[in-house]
Amino acid sequence: MNAVSSTQSAVQSGSRWTIADAMKIRTDDPTTTMPVIDYAFPVIDSDVWQWDTWLLRDIHGKTVTFKGWYVMFALVADRAATGDTTEGWHSRNNYSYIGYYYSRTGNGADWKFGGRVIKEGANSRSWEWSGCAVMRENSANTVDLFYTSVNDTPSESVPSYTTGRILADATGVWFEGFDVCTDMFQADGVNYANIVEDEYWDFRDPHIFRNPDDNQIYALFEGNVPGMRGDFTIGSDEMGLVPPATTVPAGAQYGAAAIGIARLTSDATKGDFSEWEMLPALVTALGVNDQTERPHVVFQDGLTYLFTISHHSTFTGNSTGPDGVYGFVSRNGIFGPYAPLNGSGLVLGNPSSAPYETYSHFVDPAGYVQSFIDTLPQPGSADPQDPTTYRIGGTLAPTVKIVLEGERTYLTEVHAYGQVYAQGVWPTSSAFDKRS
């Protein structure tokens, strides 16, 4: 991976995911492939579709329980609104809001759907898309919810935040607040493409964390390389160390994904997350892929692991890879440089026999990976990509565990559907709250 130097971009920094790196992607390697899911998988709640999911955590990334409860957040849509059909599933983003679930055990079998988190009408745009939920440092029960505020017309995608309180008793978890939403930052057209430059621009999925090297708060997010869509020149730096006589494949210039980063400049201790300094992308995929969704970070053994999810359909040119989670590692902290994990970037992909079975994988600090079930073909299907054979998911997949070993990763464990693990207990009174 090399320093970014696009002829279109005014930004000269970061690391590259190159065409040569992507050439090393191998589907069905057992160390980097999700297990095939049972066609008779269980559903957590049949009244809602569930997809992108994240757990209650602290600013350092550790999943925490609150008064004995595991809490997860997810993008959901009411099946009654979309229709409990294939068409309803595929239109879910147009009905999405952030819901929450709670569980006493975390074993996946006792999740209860708690409803909506953000008060209706508080988000001024059409939909609520992915983000993260972080317990406020030094607070008893304050939660800062970061998410993507998305508008239909005019088209907008804006990382935003809202704040509330988590409460719990012996029977469950509930929230108060989350009734004021504030924008964090927008694509600037300098560090990251905006809608003027790229009508298919991606700018979403804020992931907030405290960097252990400088103790400052940062946000990761999905973006695109700045510049007019399709006008990029793919040169030797974007190609990487390719075999002799390799030429730039047609269509490669439409891949312009970027893993973005911004530094908080307002006062987090006062709950102010409205002012940020936009910084150049950490990793770009110019010539390789056009989407690096839900970026997140794990710090382990002095290394910085950067993860992102991507689709088979968003690879460009001749590059190809399965739907799944991809990753990069730095030996010098959050700003890199980064090398692709496993030589290719692929960490966990779907098997070729079920190419769309899972998506939106999230790697926690202990290596446990949650994802949702997308579409699963019938066993023995002659064409696993034939949608007439699919069973729609809209619920959580089996949790798996990966081991991070330097620049390599290994799938080592498979657990229950929707099973989660906590790395800590939020330090607050164990006394239960009273419902009003």
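FYI, side chains are in, hydrogens and waters are out, and symmetry mates aren't considered; it's all heavy atoms of this structure. What you see is a predicted model; the values in this text were computed from it and never measured.
Side-chain N or O atoms of Asn342 include none that pairs as donor or acceptor with a backbone N or O of Gly345 at under 3.5 Å. Not a single donor-acceptor pair under 3.5 Å links the side chain of Thr33 to the backbone N or O of Pro351. The closest donor-acceptor contact from the side chain of Ser381 to the backbone of Pro379 lies at 3.5 Å or more, if one exists at all. At distances below 3.5 Å, not a single donor-acceptor pair connects side-chain atoms of Lys62 with backbone N or O atoms of Ala422. Formation of a donor-acceptor pair under 3.5 Å by the Thr292 side chain with backbone atoms of Ala258 is found in this model. Between the side chain of Ser266 and the backbone N or O of Asp272 there is at least one donor-acceptor pair closer than 3.5 Å. Remark: the backbone N or O of Asp205 is not paired with any side-chain donor or acceptor of Glu222 at under 3.5 angstrom. Under the 3.5 Å distance criterion, the side-chain polar atoms of Asp29 are matched with a main-chain donor or acceptor of Thr31. Side chain of Glu128 to main chain of Ile98: a donor-acceptor pair is present (N/O by atom type, distance under 3.5 Å, no hydrogens or angles).
In this structure, Arg92 satisfies the cation-pi test against Trp51, with its NZ or CZ atom closer than 6.0 Å to the six-membered ring centre and inside 45 degrees of the ring normal. With Tyr97 as the aromatic partner, Arg116 meets the cation-pi criteria of under 6.0 angstrom to the ring centre and within 45 degrees of the ring axis. The cationic atom of Arg391 (NZ for Lys, CZ for Arg) lies less than 6.0 Å from the six-membered ring centre of Phe41 and within 45° of the ring axis.
Outside the 6.0 Å centre-distance limit, the rings of Tyr356 and Tyr359 are not counted as a close aromatic pair. For Phe362 and His296, the gap between ring centers is short of 6.0 Å.
Ring orientation note: the planes of Tyr100 and Phe73 are tilted relative to one another, at an angle of 30° to 60°. Ring geometry for Phe175 versus Phe178: interplanar angle over 60°, hence perpendicular rather than tilted (30 to 60°). Under the 30°/60° scheme for interplanar angles, the aromatic rings of Phe146 and Tyr161 are found to be tilted. Ring-plane geometry between Trp17 and Phe328 is classed as perpendicular, the angle between the planes exceeding 60 degrees on a 0 to 90 degree scale with a lower cut at 30. The aromatic rings of Tyr421 and Tyr368 lie parallel to each other, their planes meeting at an angle below 30°, with 60° marking the opposite boundary. Classification of the Tyr192-Phe203 ring pair by plane angle, with boundaries at 30° and 60°, yields tilted.
Side chains of Arg125 and Ser149: a donor on one and an acceptor on the other come within 3.5 Å. Side chains of Tyr305 and Asp301: a donor-acceptor N/O pair is absent below 3.5 angstrom, by distance only. A donor and an acceptor atom, one from each side chain of Thr389 and Asp383, are nowhere located under 3.5 Å apart. For the residue pair Ser126 and Asp152, no side-chain donor N or O sits within less than 3.5 Å of a side-chain acceptor on the partner. For the residue pair Thr65 / Trp426, no side-chain donor-acceptor distance below 3.5 Å is found, with atom types taken as modelled. Thr388 and Asp386 are linked by a side-chain donor-acceptor pair at a separation below 3.5 angstrom, with hydrogens and angles left out of the test. For the residue pair Thr18/Asp21, the side-chain donor-acceptor check at 3.5 Å is satisfied.
Here Asp202 pairs with Arg204 in a salt bridge; the nearest charged N to carboxylate O distance falls below 4.0 Å. Using a cut-off of 4.0 Å between Lys/Arg side-chain N and Asp/Glu carboxylate O, Arg79 and Asp84 are scored as salt-bridged. Salt-bridge formation is detected for the pair Lys67/Asp433: a Lys NZ or Arg NE/NH1/NH2 atom is positioned less than 4.0 Å from an Asp or Glu carboxylate oxygen. Using a cut-off of 4.0 Å between Lys/Arg side-chain N and Asp/Glu carboxylate O, Asp290 and Arg229 are scored as salt-bridged. Checked for salt-bridge contact, Lys434 and Asp169 miss the test: no charged N lies under 4.0 Å from a carboxylate O.
Judged as a ring pair (Phe, Tyr, Trp, His ring centres under 6.0 Å), and not counting sequence neighbours, the contacts of Trp276 are Phe185.
The environment of His312 atom NE2 is sparse: at most 12 non-hydrogen atoms of other residues, nucleotides or ligands sit within 6.0 angstrom.
To the nearest 0.5 angstrom, Asn350 atom CG is 7.5 Å from Ile37 atom CD1.
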